[in-house]
Amino acid sequence: MTIEIVTLSQLVPPPANPRKAMDEAALAGLAASIRTDGLLQNLVVRKKGKKFEIISGARRFRAMQSLVESGGWPKDAPIPVEVRNGRSDDDTLRLATVENIQREALAPLDEAEAFARLLAGGASFDDVAAKAGVAVLTGKRRLALAALCEEAKEQVRAGDLSLGCAEALTLGTSDQQRAVLERLSGERWEAEPETIRDMLAGEKPSRAEAIFPPEAYTGTVTTDLFADEAETLFDDVEQFLRLQEESVAALVARHEAGGRWGEIIRAPYAQRWQVKEAA
């Protein structure tokens with residue numbers, strides 16, 4: 001086994017990689033990490049004529065290729081590789097398989113706390129996200145998990161609380177999280193994320209429902225970072241309803257000022273005869 005310095009053009013991908021599917025978003029994150037901090041783990045290769053065939057490190061190879069194509073990495077940048085010659089095709093496949101099996105992803109909660117420690121050390125959020133190779137929303141989700149109360153973290157690590165339920169708990173304060181966990185401990189059914197979301201934010205209206213200017217609301221908000229699309233919820237329901245009422249009344253007043261008639265219908269739906277089609 002020797003260490004040699006090669007360029008990307010000298011590398012060829014493995015003919016039989018056990019990892020058939022590669023997550024494009026994860027590859028983009030890996031590429032961002034390599035661009036920022038360089039290659040932290042050498043590729044393992046074997047000599048094939050004038051080229052070097054990759055035994056393990058196909059994802060890193062793909063990430064570097066994407067960097068070169070986007071202009072974010074010099075095509076002739078030196079790449080250290082670990083050369084293992086004398087390997088048969090069967091040996092190469094076995095080593096690649098073992099390498100994939102042994103590479104275990106960091107548990108989400110451990111990953112979240114590591115992210116929080118970097119920020120606590122004085123790094124900026126944008127800097128940490130860029131160096132970790134993650135999107136801003138992903139970074140915010142990790143921080144939300146890191147802020148869970150200790151009781152919730154313990155249950156996640158023990159396997160007593162699913163990650164989905166832990167994500168739903170991030171909608172509440174530490175005291176609210178503890179109250180939900182205490183309530184769930186007395187139930188016989190298994191907790192579901194949607195049940196926890198309803199407990200913590202079931203009555204809170206979302207920003208998408210507001211017909212008043214967002215700056216008119218002066219209360220606090222809660223952001224559901226784990227919704228399909230990050231959703232902002234109004235904590236002060238009474239203020240939200242008052243602002244909605246004022247906006248509706250202003251709309252009616254504008255119609256009446258123009259010589260038109262308007263009526264406020266306080267019902268879940270309007271009858272067909274109460275609706276007039278308009279451009």
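With sequence neighbours left out, the side-chain hydrogen bond (donor to acceptor under 3.5 Å, both in side chains) criterion links Ser70 to no other residue. For Phe240, the ring-ring contact (aromatic ring centres under 6.0 Å, His included) partners at least two apart in sequence or on another chain are Phe212, Phe234. Here Asp175 pairs with Arg178 under the side-chain hydrogen bond (donor to acceptor under 3.5 Å, both in side chains) rule; sequence neighbours left out. The side chain to side chain contact (heavy atoms under 4.5 Å, CB included) search around Lys51 returns Val12, not counting sequence neighbours.
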**OP:** Apply the test side chain to side chain contact (heavy atoms under 4.5 Å, CB included) to residues Phe226 and Arg197: give CA-CA distance (whole Å), side-chain angles for both, the deciding distance (0.1 Å), then the verdict.
**Re:** CA-CA 11 Å; Phe226 297 95; Arg197 280 192 173 88; 3.6 Å; yes
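Counting only residues at least two apart or in different chains, salt bridge (Lys or Arg N to Asp or Glu O under 4.0 Å) contacts with residues 243-261 comprise Arg242-Glu246, Glu245-Arg266.
Judged purely by atom type and a 3.5 angstrom limit, Glu231 has no side-chain atom pairing as donor or acceptor with the backbone of Asp224. Under a 3.5 Å cut-off, the side chain of Arg60 and the backbone N or O of Asn42 do form a donor-acceptor pair.
Annotation: Glu203, atom CD; neighbour count of heavy atoms from other residues, nucleotides and ligands within 6.0 Å does not exceed 12. A 6.0 Å sphere centred on NZ of Lys153 holds more than 12 heavy atoms belonging to other residues, nucleotides or ligands.
Side-chain atoms of Thr223 and Thr232, non-hydrogen and from C-beta on, do get closer than 4.5 Å to each other.
Atom CZ of Arg59 and atom CD1 of Ile54 lie 12.5 Å apart (nearest 0.5 Å).
Side-chain atoms of Thr222 and Asp235 form a donor-acceptor pair, as typed in the model, at a separation below 3.5 Å.
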Output side-chain donor-acceptor pairs under 3.5 Å for residues 158-168, partner residues at least two apart or in another chain, one line each.
| unit_1 | atom_1 | unit_2 | atom_2 | d |
| --- | --- | --- | --- | --- |
| Ser162 | OG | Cys165 | N | 3.1 |

